[in-house]
Asker: 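To start, I am sharing the structure in question, which I have written as structure tokens.
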Amino acid sequence: LANASTFRQGLGQYDKAIKNYENYLNLYGDVDPKKTAEVSFQIATIYEKQDRDKRSVQQYKRYLQDHGEDGDLNRVLQAHVAIGMYYWGRPGPGNDSQALERFERTLKIYDESETDGKQQELKKARDAAARAKFMTAENVYKQVVDISIDSPNEEVLKKRLREKTDVAERAQKTYLEVLDYGRPGWAIAALYKIGALYENLANTIRNSPPPERLNERQTEMYKGILED
């Protein structure tokens, strides 16, 4: 049944593949724990391919509940990240927090695997860890974008500029940490976002109001300096 399910999955016969996988779990779920875990994971990926997001995340959670302690570490990390991506940016209170919790959990498991000497077994999971780290950087990036510098009060301008710069540096540090996982796609994405980060910082400063104490001529000079 498991082989037949894999065959149907390869042909794109997703509903039949899910039915076969579920029949396998009902009949042989206690025979081979590793096979059972993989079948459970594959059901979640099929739902994901069908854009049945809610069913997919439910199945990933079921996989982690049943096999999170003894399942393949690659699959465990992929499941956590998939759940995180489901919640990320979704309307509703607490969704981003749930997403970040999953990303942080992914990174914690990956870091612990290094202590256990298991990272050589986690080639696929490096993608999951790199994505999780990237998403934690995205969260800091959002904080940078949300900090405006729109007060004519010079002291307020300085305070907000320092705050925005400090958070931007933290975002850059986190993006650079993505490179440590050695995944080219996520490394390129991280470097691109560092550029976007400083573009946002520059545009915010450029569009900020001039200090109140400047006269008209000084204001023009101030704007000219910012443009340069």
Side-chain angles (χ1 to χ4, degrees), residues 9 34 37-38 40-51 53 56-65 67-90 94-146 166-201:
Q9 185 177 350
K34 288 186 178 180
E38 181 62 19
S40 179
F41 183 87
Q42 289 302 323
I43 292 173
T45 66
I46 293 175
Y47 283 135
E48 194 170 5
K49 288 176 182 177
Q50 292 180 309
D51 293 324
D53 295 338
S56 176
V57 78
Q58 288 173 342
Q59 184 62 30
Y60 279 125
K61 288 180 177 180
R62 178 183 173 188
Y63 168 82
L64 290 173
Q65 179 179 337
H67 310 287
E69 296 299 324
D70 56 3
D72 179 80
L73 286 173
N74 290 289
R75 298 309 197 194
V76 169
L77 297 187
Q78 288 173 309
H80 277 297
V81 170
I83 295 169
M85 293 306 301
Y86 171 81
Y87 286 111
W88 180 257
R90 186 172 290 272
N95 282 334
D96 280 357
S97 295
Q98 288 194 64
L100 287 169
E101 182 180 343
R102 292 290 177 172
F103 300 143
E104 295 292 351
R105 179 63 177 157
T106 301
L107 296 170
K108 184 175 185 293
I109 294 172
Y110 185 85
D111 290 342
E112 288 173 349
S113 72
E114 184 177 31
T115 304
D116 296 338
K118 295 180 180 178
Q119 284 195 353
Q120 291 301 317
E121 304 171 17
L122 299 179
K123 293 181 179 179
K124 292 182 180 179
R126 289 196 194 107
D127 273 327
R131 187 176 195 180
K133 178 62 73 172
F134 181 87
M135 295 309 298
T136 62
E138 288 285 88
N139 183 57
V140 186
Y141 180 88
K142 284 173 59 178
Q143 297 173 35
V144 176
V145 172
D146 288 343
D166 288 346
V167 179
E169 289 176 353
R170 184 154 54 91
Q172 176 179 273
K173 180 178 181 295
T174 310
Y175 279 125
L176 288 174
E177 289 171 354
V178 174
L179 278 62
D180 295 338
Y181 297 92
R183 310 313 295 165
W186 290 112
I188 292 170
L191 293 173
Y192 172 82
K193 290 306 294 278
I194 289 173
L197 178 71
Y198 283 97
E199 181 180 13
N200 173 267
L201 185 60

Asker: Run the side-chain contact (heavy atoms from CB on, under 4.5 Å) test against Tyr198 and tell me which residues pass, sequence neighbours left out.
Answerer: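 Here the qualifying residues are Glu169, Gln172, Ile194, Leu201.
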Asker: Distance only, no hydrogens: is a donor on one side chain within 3.5 Å (strictly under) of an acceptor on the other, for Gln65 and Arg62?
Answerer: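 No.
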Asker: List for me each residue that meets side chain to side chain donor-acceptor pair (under 3.5 Å) alongside Tyr60, sequence neighbours excluded, and say none if there are none.
Answerer: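 Only Glu48 meet the side chain to side chain donor-acceptor pair (under 3.5 Å) criterion with Tyr60.
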Asker: Taking atom CE of Met135 and atom OH of Tyr141, what is their separation to the nearest 0.5 Å?
Answerer: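 Going from CE on Met135 over to OH on Tyr141, the span is 13.0 Å.
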Asker: Any salt bridge (charged side-chain N to carboxylate O under 4.0 Å, His left out) pairs touching residues 80-90, not counting sequence neighbours?
Answerer: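 Applying salt bridge (charged side-chain N to carboxylate O under 4.0 Å, His left out) to every pair that reaches into residues 80-90, excluding sequence neighbours, yields nothing.
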Asker: Where is the tightest heavy-atom contact between Leu73 and Ser113, given as atom of each residue plus distance?
Answerer: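 Reported closest heavy-atom pair: CD1-CB, 4.4 Å.
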Asker: Find the distance between CD1 (Ile43) and OG (Ser56) and round it off to the nearest 0.5 Å.
Answerer: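 Result: 11.0 Å between the selected atoms.
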Asker: For Glu177, which residues count as a side chain to side chain donor-acceptor pair (under 3.5 Å) partner, sequence neighbours excluded?
Answerer: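 For Glu177 the side chain to side chain donor-acceptor pair (under 3.5 Å) partners, ignoring immediate neighbours, are Lys133, Lys173.
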Asker: Ignoring hydrogens and angles, write down the donor-acceptor pairs under 3.5 Å from the side chains of residues 99-107, residues two or more places apart or on other chains.
Answerer:
from: Arg102; atom 1: NH1; to: His80; atom 2: ND1; distance (Å): 3.1
from: Thr106; atom 1: OG1; to: Arg102; atom 2: O; distance (Å): 2.9

Asker: At their closest point, which heavy atom of Val178 faces which heavy atom of Ala130, and how far apart are they?
Answerer: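 That closest heavy-atom pairing would be CG1-O, 4.0 Å.
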Asker: Would you call Lys61 and Ile83 a side-chain contact if the rule is heavy atoms closer than 4.5 Å?
Answerer: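 In short, these two side chains touch, coming nearer than 4.5 Å.
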Asker: Sequence neighbours left out, what passes side-chain contact (heavy atoms from CB on, under 4.5 Å) with Ile188? Give chain and number order.
Answerer: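 For Ile188 there are no side-chain contact (heavy atoms from CB on, under 4.5 Å) partners, ignoring immediate neighbours.
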Asker: Kindly say whether Ala37 contributes a backbone atom to a donor-acceptor pair with the side chain of Ser40 at under 3.5 angstrom?
Answerer: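 No: the side chain of Ser40 does not pair with the backbone of Ala37.
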Asker: If only side-chain N and O atoms count, and only distance matters, is there a donor-acceptor pair under 3.5 Å linking Thr45 with Gln42?
Answerer: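 Side chains of Gln42 and Thr45: pair found under 3.5 Å.
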Asker: Using the test side chain to side chain donor-acceptor pair (under 3.5 Å), find all partners of Tyr47 that sit at least two apart in sequence or belong to another chain.
Answerer: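 Applying side chain to side chain donor-acceptor pair (under 3.5 Å) to Tyr47 gives Arg55.
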Asker: Mind checking side-chain contact (heavy atoms from CB on, under 4.5 Å) for Lys142 and listing every partner two or more places apart, or none if nothing turns up?
Answerer: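 For Lys142 the side-chain contact (heavy atoms from CB on, under 4.5 Å) partners, ignoring immediate neighbours, are Trp88, Asp96.
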Asker: So, Asn74 side chain and Ala125 main chain: donor-acceptor pair closer than 3.5 Å or not?
Answerer: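 Yes: the side chain of Asn74 pairs with the backbone of Ala125.
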Asker: I need the full list of side-chain hydrogen bond (donor to acceptor under 3.5 Å, both in side chains) pairs touching residues 180-191, with sequence neighbours left out, sorted by first then second residue.
Answerer: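 Matches after skipping sequence neighbours: Asp127-Arg183.
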Asker: Step by step, would you call Met85 with Arg131 a side chain to side chain contact (heavy atoms under 4.5 Å, CB included)?
Answerer: CA-CA 10 Å; Met85 293 306 301; Arg131 187 176 195 180; 3.6 Å; yes
Asker: So, for Tyr175 and Ala190, which heavy atoms are closest and what is the spacing to 0.1 Å?
Answerer: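 Reported closest heavy-atom pair: O-CB, 3.4 Å.
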Asker: Of all the heavy-atom pairs spanning Ala128 and Val81, show the shortest one and how long it is.
Answerer: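 That closest heavy-atom pairing would be O-CG2, 3.4 Å.
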Asker: How would you list, by chain and number, every residue that makes a side-chain contact (heavy atoms from CB on, under 4.5 Å) with Asn200, sequence neighbours excluded?
Answerer: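 For Asn200, the residues satisfying side-chain contact (heavy atoms from CB on, under 4.5 Å) (neighbours in sequence not counted) are Val144, Val145, Lys164, Thr204.
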Asker: Distance from Glu69 atom CD to Leu64 atom CG, nearest 0.5 Å?
Answerer: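 Reported to 0.5 Å precision, the distance equals 9.5 Å.
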Asker: For residues 186-196, which residue pairs qualify under salt bridge (charged side-chain N to carboxylate O under 4.0 Å, His left out), counting only residues two or more places apart or in two chains?
Answerer: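 Non-adjacent pairs meeting salt bridge (charged side-chain N to carboxylate O under 4.0 Å, His left out): Glu138-Lys193.
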